[in-house]
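All residue numbers refer to positions in the sequence shown, counting from 1.
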Amino acid sequence: MKIYTKTGDKGTTALFGGTRVPKHHIRIESYGTIDELNSHIGLIRDQAIDLIHKKILMEIQDRLFTVGAILATDPEKATLKNGKDRLNIPKISESDIKLLEDNMDNMNTALPPMTNFVLPGGHQTVSFCHIARTVCRRAERLASHLNDMEPFQPETLMYINRLSDYLFVLARKLSHELQAEEIKWIPKKES
């Protein structure tokens, strides 16, 4: 199988279902940002972190491929003529969202309560988490815009939202595990 097809040489690409759209279409921006997020999460997973975190991150990466597939499907062609879904894969489920919530709850038990915003940084691995978190928020903004135009499965948007929260808590947990200083943002007083 060749990687290059030359079909996108004029600035268009095909969605699942065959519909061609410009490469700058909000749908392409949405699933492209999910792909970018998945790469950042791979970078976090490649760090010297606990195997439990790596396992969860791999599960998240798997689910992000599902999110990308959902976002890459033309809603007008999401159902085949025989009535079956074009995507023959499990959709994002409540249990996927619960996995993120349960892991956040578990990580939070070992962390001091938040009293201020935290400056991103303190350790390279922690910084990778914060970068992934901000990419996730961008993906959420794009997906939310797409959802306003062409609604998709509600759990998909919920998952993206919860994932950014998870990445924030993971950054805090890794700060704790790596003994990195967590610097609170304390606004300066006006003179």
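- Using a 4.5 Å cut-off on side-chain heavy atoms (C-beta onward), Lys91 and Ile70 make contact.
- Here Thr66 pairs with Arg63 under the side chain to side chain donor-acceptor pair (under 3.5 Å) rule; sequence neighbours left out.
- Here the closest non-hydrogen pair linking Arg172 and Pro112 is NH2-O, 3.0 Å.
- Heavy-atom contacts from other residues, nucleotides or ligands closer than 6.0 Å to CG of Leu80 number more than 12.
- Atom-to-atom distance recorded for Met58:CE and Leu51:CG is 10.0 Å, nearest 0.5 angstrom.
- Residues satisfying the side-chain contact (heavy atoms from CB on, under 4.5 Å) test with Ser93, not counting sequence neighbours, are Ser95, Asp96.
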Leu99/Asn103 under side chain to side chain contact (heavy atoms under 4.5 Å, CB included): CA gap, chis, key distance, verdict: CA-CA 6 Å; Leu99 177 74; Asn103 275 278; 3.5 Å; yes
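- A continuous path of ILVMFWY side-chain contacts below 4.5 Å connects Leu100 to Leu111, so both sit in one hydrophobic cluster.
- Counting side-chain heavy-atom gaps under 4.5 Å among Ile, Leu, Val, Met, Phe, Trp and Tyr, the cluster of Leu119 also holds Phe117, Ile183, Trp185.
- Side-chain atoms of Leu170 and Met107, non-hydrogen and from C-beta on, do get closer than 4.5 Å to each other.
- To the nearest 0.5 Å, atom CD of residue Gln47 and atom CG of residue Leu57 are 10.5 Å apart.
- Contact check for His130 versus Phe168: side-chain heavy atoms found under the 4.5 Å cut-off.
- Sequence neighbours left out, the pairs with a member in residues 30-59 that pass salt bridge (Lys or Arg N to Asp or Glu O under 4.0 Å) are Glu36-Arg138.
- Judged purely by atom type and a 3.5 angstrom limit, Asp74 uses its side chain to pair as donor or acceptor with the backbone of Glu76.
- The side-chain heavy atoms of Leu167 and Leu37, taken from C-beta on, include a pair separated by under 4.5 Å.
- Applying the salt bridge (Lys or Arg N to Asp or Glu O under 4.0 Å) test to every pair with at least one member in residues 146-161, sequence neighbours left out, gives these pairs: Arg27-Glu150.
- Put simply, the side chain of Val67 does not reach to within 4.5 Å of the side chain of Phe152, judged on heavy atoms.
- Considering every non-hydrogen atom in both Val126 and Gly121, the closest pair reads CG1-O, 3.5 Å.
- With a 4.5 Å cut-off on side-chain heavy atoms, Phe65 and Ile89 do not count as touching.
- Under the rule for a side-chain contact (heavy atoms from CB on, under 4.5 Å), Asn106 has no partner lying at least two apart in sequence or in another chain.
- Taking the side chain as every heavy atom from C-beta outward, Tyr31 and Thr73 never approach each other to under 4.5 Å.
- In this structure a side-chain-to-backbone donor-acceptor pair under 3.5 Å is present from Gln61 to Asn38.
- Look at Glu94 and Lys98 and you find no salt bridge, because none of the NZ, NE, NH1 or NH2 atoms lies under 4.0 Å from a carboxylate O.
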Chi angles and distances behind the side chain to side chain contact (heavy atoms under 4.5 Å, CB included) call for Ile160, Thr33: CA-CA 11 Å; Ile160 300 168; Thr33 305; over 6 Å; no
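- With contacts defined as side-chain heavy-atom distances shorter than 4.5 Å, the pair Val169/Asp165 does not qualify.
- Under a 4.0 Å N-O distance rule, the pair Arg137/Glu140 qualifies as a salt bridge.
- Side-chain N/O atoms of Glu29 and His145 include no donor and acceptor closer than 3.5 Å.
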